[in-house]
Amino acid sequence: MKDFYFEIKHICKQTGARYGLLHTPHGDVEVPMFMPVGTLATVKSLSPEELKECGSGVILSNTYHLSLRPGADIVDKAGGLHKFMNYDRPILTDSGGFQVFSLADKRKITEEGVTFKNHLNGAKLFFSPEIAIGIQEKLGADIIMSLDECAPYPATYDYMKNSVERTLRWAKRGKDAHKREDQALFGIVQGGEFSDLRKYCAEELVKMDFPGYSIGGTSIGEPKNVMFKMIADTTPYLPIEKPRYLMGVGSVDAILYGIEKGVDMFDCVLPTRIARHGALMTSNGRVNIRDQKYAEDFTPLDPECDCYCCKNYTKAYLRHLYKCDEIFGKRLLSIHNIRFLIHMMEEAREAIKNDRFGDFKKEFLAKFNSERGF
RNA sequence: GGAGGAAUAGCGAAGUGGCCAAACGCAGCUGACUGUAAAUCAGUUCCUUCGGGUUCGGUGGUUCAAAUCCGCCUUCCUCCA
């Protein structure tokens with residue numbers, strides 16, 4: 001694996017949380033980290049410059065969506081995803097496995113792969129582990145994902161067992177098909193809420209020796225305690241020296257829990273989506289900017305935040321933009337929520353280095369009051 | 001002074017005899033959103049002990065039944081003098 005390796009720099013003595021460095025062809029990033037999601041080769045409403053100002057490292061993009069529009073060949077001709085979207089830091093592409101789940105009523109899964117009715121015009125589309133890898137090689141992200149089946153929750157044990165077996169076979173096929181030396185292909189642990197299947201899936205993937213491992217099948221409608229259990233049931237079976245990525249998790253309490261359990265990478269649409277819907281994460285908890293009580297509130301969204309939005313604008317202005325459905329409002333709020341999570345990660349890393357992540361988590365959650373939404 | 005027209009819930013605006021506690025939009029309030037088919041979606045905004053009760057400028061009528069028809073009053077708009 002050219003240019004890609006992972007270094008653990010410190011393990012928190014209080015919790016086992018990890019501080020590390022992920023080296024990629026597009027630079028090094030510190031973990032634990034939060035990765036903003038830019039499904040269609042753009043983090044909705046934000047420029048790469050704004051993302052970097054938020055402190056972004058890796059960002060995500062999506063194989064399924066980009067293969068439909070503009071098509072992998074066009075991204076390839078553009079010189080790859082980094083050039084195409086003008087982002088020179090690391091990029092991770094998801095395999096499309098999640099779309100198999102989220103567009104579930106329009107697909108059929110077989111051993112060979114998945115047949116989709118694509119969501120744009122209903123045209124039939126076939127995805128296999130090899131095809132997903134082929135597309136991702138053209139897109140050219142630094143970190144890519146195996147095609148997996150994100151089985152629904154709840155699922156029966158038998159369904160999940162079969163699904164895990166197939167995901168493992170698909171992982172092997174994808175790994176065999178993957179040729180690019182400058183990309184790290186991660187395997188994805190499934191198994192739902194079943195401890196033994198999580199363990200089995202993790203151990204089998206580890207035998208295949210991937211450069212990193214993802215925890216999938218979370219945040220798909222299961223209760224929080226079940227999600228936490230899924231995480232706790234997986235990380236013990238992953239090798240210490242490889243990066244671990246918890247897919248699709250972006251609520252504050254779940255991220256902090258994941259870090260405590262030894263997860264290094266998180267991604268989620270949550271901060272950007274809820275920002276567009278007027279919900280903001282602040283150090284004192286949730287703020288609904290649409291509330292009339294902010295109409296004459298000329299203070300920043302979060303006085304403790306150092307983002308462009310909080311440094312320059314008031315809640316009254318943000319509410320005004322939101323109520324008028326102005327694009328700039330969505331941008332400012334997205335900047336804030338992304339910066340909030342990235343800043344939380346910066347603080348988490350400091351806490352890990354100082355062997356006090358457990359204290360940090362407790363203090364942060366007490367103030368954030370995560371019972372009130374996300 | 002004369003001739004027309006209009007008054008509907010916080011605002012705008014449908015409704016012209018029973019299916020109207022009254023469409024719809026805005027505004028307000030709740031909630032949802034987690035590997036993005038999401039600048040989206042759902043609920044809610046007269047009172048209620050959930051049986052019902054009081055509403056459509058005011059008032060008096062007609063009718064089994066009125067936001068809807070008639071009289072008078074008030075306010076506003078347009079045109080003519």
Side-chain angles (χ1 to χ4, degrees), chain A residues 34-46 58-66 68-69 92-107 116-122 132 136 141 143-151 153 186 188-190 213-224 227 230-231 245-255 257-258 263 265-281 286 288-295 319 321-334 337 341 370 372-374:
Chain A
F34 177 76
M35 309 181 286
V37 180
T39 303
L40 286 162
T42 168
V43 177
K44 293 190 191 301
S45 83
L46 301 188
V58 177
I59 62 170
L60 253 74
S61 203
N62 187 275
T63 302
Y64 167 76
H65 288 287
L66 290 180
L68 291 182
R69 290 185 305 197
L92 182 157
T93 44
D94 183 30
S95 60
F98 186 72
Q99 279 62 43
V100 174
F101 163 76
S102 65
L103 307 170
D105 55 325
K106 294 171 181 170
R107 56 91 166 123
F116 275 83
K117 260 189 153 182
N118 90 44
H119 68 283
L120 298 175
N121 59 15
Q136 291 186 91
I143 302 169
I144 67 175
M145 292 294 128
S146 299
L147 184 68
D148 64 332
E149 183 195 352
C150 183
Y153 176 88
F186 281 29
I188 303 177
V189 180
Q190 290 288 349
Y213 299 92
S214 304
I215 302 170
T218 52
S219 59
I220 54 171
E222 78 284 8
K224 274 239 162 98
M227 184 206 289
M230 290 170 172
I231 298 167
Y245 162 31
L246 178 57
M247 306 182 82
V249 169
S251 62
V252 166
D253 56 347
I255 289 176
Y257 180 83
V263 176
M265 305 157 65
F266 303 82
D267 82 286
C268 199
V269 307
L270 196 66
T272 43
R273 179 179 292 169
I274 67 176
R276 292 193 303 278
H277 299 168
L280 292 315
M281 300 167 169
R286 173 176 178 154
N288 292 326
I289 200 64
R290 65 186 171 192
D291 288 354
Q292 192 174 37
K293 65 185 174 193
Y294 301 122
R319 176 177 189 272
L321 294 182
Y322 181 81
K323 298 305 288 186
C324 297
D325 200 22
E326 281 291 338
I327 300 170
F328 189 48
K330 297 176 202 310
R331 277 179 54 200
L332 289 174
L333 297 175
S334 295
N337 270 356
L341 284 183
S370 62
R372 254 203 87 218
F374 37 85

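Quick caveat, the model's predicted, so the values are computed rather than measured. A, B, ... follow the sequence lines: proteins, then strands. Residue 1 opens every chain.
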- Message: Among A:Leu280, A:Thr272, A:Leu321, exactly one meets side chain to side chain contact (heavy atoms under 4.5 Å, CB included) together with A:Leu333. Which residue is that?
- Response: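 Going through the options one by one, the only one that passes is A:Leu280.
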
- Message: Using the rule side chain to side chain contact (heavy atoms under 4.5 Å, CB included), only one of A:Asp94, A:Leu92, A:Thr93 pairs with A:Ile143; which is it?
- Response: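 When A:Asp94, A:Leu92, A:Thr93 are each tested with A:Ile143, the side chain to side chain contact (heavy atoms under 4.5 Å, CB included) holds only for A:Leu92.
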
What integer number of Å spans the [atom1] atoms of [N] and [M]?
N     : M     : atom1 : answer
B:U49 : B:A67 : P     : 25 Å
B:C80 : B:C11 : C1'   : 34 Å
B:A7  : B:G57 : P     : 8 Å
B:C50 : B:U68 : P     : 32 Å
B:U55 : B:A21 : P     : 13 Å
B:U63 : B:C47 : P     : 35 Å
B:U62 : B:A66 : C1'   : 10 Å
B:G5  : B:G71 : P     : 12 Å

- Quick one: does A:Asp148 reach the base of B:G35 with a side-chain donor-acceptor pair under 3.5 Å?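 Side chain to base: pair found, below 3.5 Å.
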
- Message: Quiz question: going by heavy-atom distance under 3.5 Å, is there a donor-acceptor pair between the base of B:U36 and the side chain of A:Thr272?
- Response: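 A donor-acceptor contact between them is present.
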
Residue [X], side-chain heavy atoms: nucleotide from [options] that is nearest:
X        : options             : answer
A:Asn288 : B:A39, B:G31, B:C33 : B:G31
A:Asp267 : B:U30, B:U36, B:G35 : B:G35
A:Gln99  : B:C33, B:U36, B:G35 : B:U36
A:Asp291 : B:U30, B:G35, B:A38 : B:U30
A:Met247 : B:G35, B:C33, B:U36 : B:G35
A:His277 : B:A32, B:G31, B:G35 : B:A32
A:Arg319 : B:C33, B:A39, B:G28 : B:G28

For [X] and [N], what is the distance between atoms [atom1] and [atom2] respectively, to the nearest whole Å?
X        : N     : atom1 : atom2 : value
A:Asp94  : B:G35 : CG    : P     : 9 Å
A:Ile289 : B:C29 : CD1   : C1'   : 16 Å
A:Ile220 : B:A32 : CD1   : P     : 20 Å
A:Asn337 : B:U36 : CG    : P     : 17 Å
A:Ile274 : B:U30 : CD1   : C1'   : 16 Å
A:Met281 : B:C33 : CE    : C1'   : 11 Å
A:Arg273 : B:A39 : CZ    : P     : 8 Å
A:Phe34  : B:G35 : CZ    : C1'   : 11 Å

Shortest non-hydrogen contact between [X] and [Y], atoms and distance:
X        : Y        : result
A:Pro271 : A:Phe34  : CG-CZ, 3.6 Å
A:Tyr322 : A:Arg276 : CE1-O, 3.6 Å
A:Phe116 : A:Gln99  : CE2-O, 3.7 Å

- Message: Can you tell me whether the base of B:G71 sits syn or anti, using the 90° cut around 0 to define syn?
- Response: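 You should classify B:G71 as anti.
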
- Message: Quick check on B:G31: is either OP1 or OP2 less than 4.0 Å from any side-chain nitrogen or oxygen of A:Arg286?
- Response: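 For B:G31, neither OP1 nor OP2 has a side-chain N or O of A:Arg286 closer than 4.0 Å.
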
Counting Watson-Crick and G-U wobble pairs only, both distances under 3.5 Å, name the nucleotide matched with [N], or none.
N     : answer
B:C46 : B:G53
B:U63 : none
B:C11 : B:G25
B:C76 : B:G5

- Message: Does either side chain, that of A:Asp253 or that of A:Ser251, offer a donor lying less than 3.5 Å from an acceptor on the other one?
- Response: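 Judged by distance alone, the side chains do pair up.
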
Categorize [X] for me: base, sugar-phosphate, or nothing, with a 4.0 angstrom heavy-atom threshold over every strand shown.
X        : result
A:Gly278 : nothing
A:Ile188 : base
A:Glu222 : nothing

- Message: Angle between ring planes, A:His119 versus A:Tyr64, binned at 30° and 60°: parallel, tilted or perpendicular?
- Response: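 Ring orientation, 0 to 90° scale: tilted.
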
- If each of A:Cys324 and A:Cys150 is mapped to the nucleotide of RNA chain B with the nearest heavy atom, which maps nearer the 5' terminus, i.e. the 5' end?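 Closer to the 5' end of RNA chain B: A:Cys324.
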
- Query: Excluding sequence neighbours, so at least two apart, what forms ring pair (Phe, Tyr, Trp, His ring centres under 6.0 Å) with A:His277?
  - Reply: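 By the ring pair (Phe, Tyr, Trp, His ring centres under 6.0 Å) rule, A:His277 matches no residue at all.
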
